[in-house]
Trainee: 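Below you'll find the structure I mean.
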Amino acid sequence: MDDRIIEFVRGMRAAGVRVSMAESADAMRAVEVLGVHDKDLFRQSLRTTLVKESDDFAVFEELFPLYFSAGGPPMQNALEDLSEDEQEMLQAALQALSGRLQALMDWLTSGDGPTREELEQLAERAGVQWAHNQQEGAWVTRRMLQQMGMTHLEDQLRELMERLAEMGMSREAIEKLMGIVEANREALAEQVAESVGRQIAEQRAHRPDDLFGSDLMHKPFEALSQEEANLLRKEVQRLVTQLRSRAALRRKRGKEGRFDSKGTIRANQRYGGVPMELKFKRKKLKPSLVLICDISRSMLSVAEFMLRLTYELQDQVAKTRSFGFYSDMEEISLVLSGNRAVEAVDGVMESFYGRAPQHYATDLGHSLATLYDNWLDSINNRTTVVILGDGRNNFNDPRLDLIKDMQKRARRLIWFNPEAPRQWGEGDSDMPLYAPLCDQVYMVRNLAQLSSAVDKLIAGA
């Protein structure tokens, strides 16, 4: 049980829940005292010791049955309620049916069901290794049920009923048998879904390079309803926890540094070349950022989540200066500082949209010129410049000369774009002209892609 609790804690952490070593030890001690026989008491002991934030209860409730259930609802043995003669009829009828669904029919009538190993093998053939969330897990579950033969089960059951009636089994016995088979069918589907969910959670816990949250993270920003957007705003804090943990781990590794062969050779010349002193290259892991953010209507939802992540992760960068634009550029660093995340982002939006409607025309070229006139000192060879925008200029001058110069001045020039590359160049898009001038371009169509791009940005990847 200790191993299972450790796996559960790992799964909670992978889902963005902060669980310390001390809290894990508290959970172990609670289970040791209270035991595991009372399932509800066991669940409450883990929930009390491991969960600190109310927003994390949903993650706990989702993962607990995946790690600690008995594998889904039990199946019934249809043979128990049949007489010896009826059991022989059923066995003979099953043998006469097509062998393609033999395993499925045996599971549904005997009540034994597939073993855990068989379910895992079926899941692997269905592609569970490529699933990253429970939404994709539902697709894997459907494929597994199809592989078992569920789509052809109705025809098989009708044929079975006809054979049993021909053999002389009573109508009452056949109906009772079919009722048990139908109940087993539903139980098997639940067992399959639970098995897939558990495998996805375990895979997620063993993939430390990935960021995880709710399935909504993979839904495009422009397709979010207001309710879904509100749920994702709560998700940001969990993502920030993961990003901070990963940044702290990188800094810990960065203190040790990578082996510097040239430095070691130079330092040990006085020892006749014998490597008495080892030298390491230490990497600065906190970047200095300049964020240039498109606040136009088409970019509003993406910009909001970018600003939320940037605000929450200010302690992970050495220095940040933030600018927003649509018709012209404005510095928003002061608006973002000194407030809570919600107030800061709302303040930025109000500063742009609390004005006359004639300002709603995106012009990145003109905005870049304003940046160069007023804030060029913010960009130097230690700065990573991040442009968040779709590269659409309303057919205005894109000012590629300024982008080229900015790329030369800065340490790196990164572009976050919510549009897929196939949309670049359509209409007023200048992205095919901007992209070759950047060190890296990331597609940030949803929160999963945006948080992953921000993680790479902080890591300096």
Side-chain angles (χ1 to χ4, degrees), residues 39 62 65-131 133-203:
K39 185 174 181 179
E62 175 189 342
L66 300 179
Y67 281 87
F68 299 108
S69 74
M75 298 170 68
Q76 306 173 52
N77 187 349
L79 299 174
E80 291 179 350
D81 295 327
L82 299 178
S83 65
E84 291 186 7
D85 289 342
E86 290 171 337
Q87 291 180 20
E88 291 178 1
M89 291 180 194
L90 177 59
Q91 294 293 346
L94 289 174
Q95 291 175 3
L97 293 176
S98 170
R100 183 172 180 270
L101 303 183
Q102 190 66 50
L104 177 60
M105 296 300 294
D106 287 343
W107 291 333
L108 295 179
T109 54
S110 68
D112 290 336
T115 65
R116 177 168 178 166
E117 291 73 19
E118 288 173 326
L119 285 174
E120 290 177 352
Q121 291 172 3
L122 285 167
E124 187 171 349
R125 288 201 295 270
V128 71
Q129 63 271 28
W130 309 114
N133 53 63
Q134 297 305 323
Q135 184 176 2
E136 294 173 355
W139 175 80
V140 175
T141 299
R142 288 194 296 272
R143 287 204 62 184
M144 286 178 65
L145 294 174
Q146 289 172 359
Q147 290 175 1
M148 290 178 179
M150 284 290 191
T151 53
H152 303 285
L153 183 61
E154 293 294 341
D155 294 337
Q156 198 84 337
L157 290 177
R158 278 195 296 271
E159 185 178 348
L160 177 63
M161 292 173 63
E162 292 172 0
R163 288 183 179 276
L164 291 174
E166 291 172 359
M167 292 178 178
M169 183 179 289
S170 67
R171 180 177 179 180
E172 292 76 16
I174 292 175
E175 289 179 350
K176 189 171 186 179
L177 171 64
M178 290 300 115
I180 294 174
V181 168
E182 183 59 32
N184 286 344
R185 178 183 184 176
E186 295 177 0
L188 178 59
E190 290 186 43
Q191 288 180 12
V192 170
E194 190 167 298
S195 175
V196 170
R198 185 185 66 253
Q199 289 182 69
I200 291 174
E202 291 176 350
Q203 288 173 180

Trainee: Name all residues meeting the side-chain hydrogen bond (donor to acceptor under 3.5 Å, both in side chains) criterion together with Asp155; count only those two or more places apart in sequence or in a different chain, and write none if there are none.
Mentor: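 Asp155 satisfies side-chain hydrogen bond (donor to acceptor under 3.5 Å, both in side chains) with Arg158 only.
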Trainee: Roughly how far, to the nearest 0.5 Å, is the CE atom of Met89 from the CE atom of Met169?
Mentor: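 It comes to 6.0 Å.
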Trainee: Taking only residues at least two apart or on different chains, which pairs with a member in residues 121-131 satisfy salt bridge (Lys or Arg N to Asp or Glu O under 4.0 Å)?
Mentor: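 Of all non-adjacent pairs touching residues 121-131, none passes salt bridge (Lys or Arg N to Asp or Glu O under 4.0 Å).
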Trainee: Over all heavy atoms of both residues, which pair between Met178 and Leu157 is shortest? Give the atoms and the distance, please.
Mentor: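 The pair with the smallest heavy-atom distance is SD-CD2, 4.2 Å.
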Trainee: Hey, are the side chains of Leu153 and Leu108 touching, using non-hydrogen atoms and a 4.5 Å cut-off?
Mentor: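 Counting from C-beta outward, Leu153 and Leu108 do come under 4.5 Å.
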Trainee: Hydrogens and angles aside, do Gln199 and Ser195 bring a side-chain donor and acceptor to less than 3.5 Å of each other?
Mentor: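 Looking only at side-chain atoms, Ser195 and Gln199 do form a donor-acceptor pair, the distance falling under 3.5 Å.
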Trainee: Got a sec, which residues hit side-chain hydrogen bond (donor to acceptor under 3.5 Å, both in side chains) with Gln76, two or more places apart in sequence or on another chain?
Mentor: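 For Gln76, no residue satisfies side-chain hydrogen bond (donor to acceptor under 3.5 Å, both in side chains) once neighbours in sequence are set aside.
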Trainee: List the residues meeting side-chain contact (heavy atoms from CB on, under 4.5 Å) with Arg116, not counting sequence neighbours, and say none if there are none.
Mentor: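 Residues passing side-chain contact (heavy atoms from CB on, under 4.5 Å) with Arg116: Arg4, Glu120, Arg198, Glu202.
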Trainee: Just jot down the side-chain hydrogen bond (donor to acceptor under 3.5 Å, both in side chains) partners of Glu154, sequence neighbours excluded, or say none.
Mentor: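 Testing Glu154 for side-chain hydrogen bond (donor to acceptor under 3.5 Å, both in side chains), a comparison that skips the adjacent residues, returns Arg185.
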Trainee: Not counting sequence neighbours, which residues clear side-chain hydrogen bond (donor to acceptor under 3.5 Å, both in side chains) with Glu175? List them please.
Mentor: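 Checked Glu175 against side-chain hydrogen bond (donor to acceptor under 3.5 Å, both in side chains); matches are Arg171.
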Trainee: So, Glu118 side chain and Thr115 main chain: donor-acceptor pair closer than 3.5 Å or not?
Mentor: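 At least one qualifying donor-acceptor pair exists.
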Trainee: For the residue pair Trp107 and Asn184, what are the closest heavy atoms and their distance?
Mentor: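 Smallest interatomic distance, heavy atoms only, reads O-ND2, 4.5 Å.
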Trainee: Please give me the minimum heavy-atom distance between Ala93 and Leu160, naming the atom from each residue.
Mentor: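 Looks like CB-CD1, 3.6 Å.
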Trainee: Considering non-hydrogen atoms only, spot the tightest contact between Glu86 and Ala173 and give its length.
Mentor: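 Here Glu86 and Ala173 meet closest at OE2-CB, 3.4 Å.
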Trainee: Between atom CG of Leu122 and atom CD of Glu117, what is the distance when rounded to the nearest 0.5 Å?
Mentor: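 Nearest 0.5 Å value for the CG-CD distance: 12.0 Å.
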Trainee: Could you grab the distance from atom CE of Met167 to atom CD of Glu162, nearest 0.5 Å is fine?
Mentor: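 CD of Glu162 is found 12.0 Å from CE of Met167.
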Trainee: Checking the side chain of Glu186 only, and the main-chain atoms of Ala183 only, is there a donor and an acceptor separated by less than 3.5 Å?
Mentor: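 Between the backbone of Ala183 and the side chain of Glu186 there is no qualifying donor-acceptor contact (under 3.5 Å).
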Trainee: Measure the spacing between CE of Met105 and CD of Glu159 and express it to the nearest 0.5 Å.
Mentor: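 Nearest 0.5 Å value for the CE-CD distance: 9.5 Å.
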Trainee: Using side-chain heavy atoms (C-beta onward) and a distance below 4.5 Å, is Met161 in contact with Leu177?
Mentor: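 They are not in contact (no side-chain heavy atoms under 4.5 Å apart), so the answer is no.
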Trainee: Which heavy atom of Pro114 sits nearest a heavy atom of Leu188, and at what distance?
Mentor: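 Nearest pair, atom of Pro114 first, then Leu188: CD-CD1, 3.5 Å.
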Trainee: For Met144 and Ala126, work out which heavy atoms get closest and say how close.
Mentor: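 Closest heavy-atom pair between Met144 and Ala126: CG-CB, 3.6 Å.
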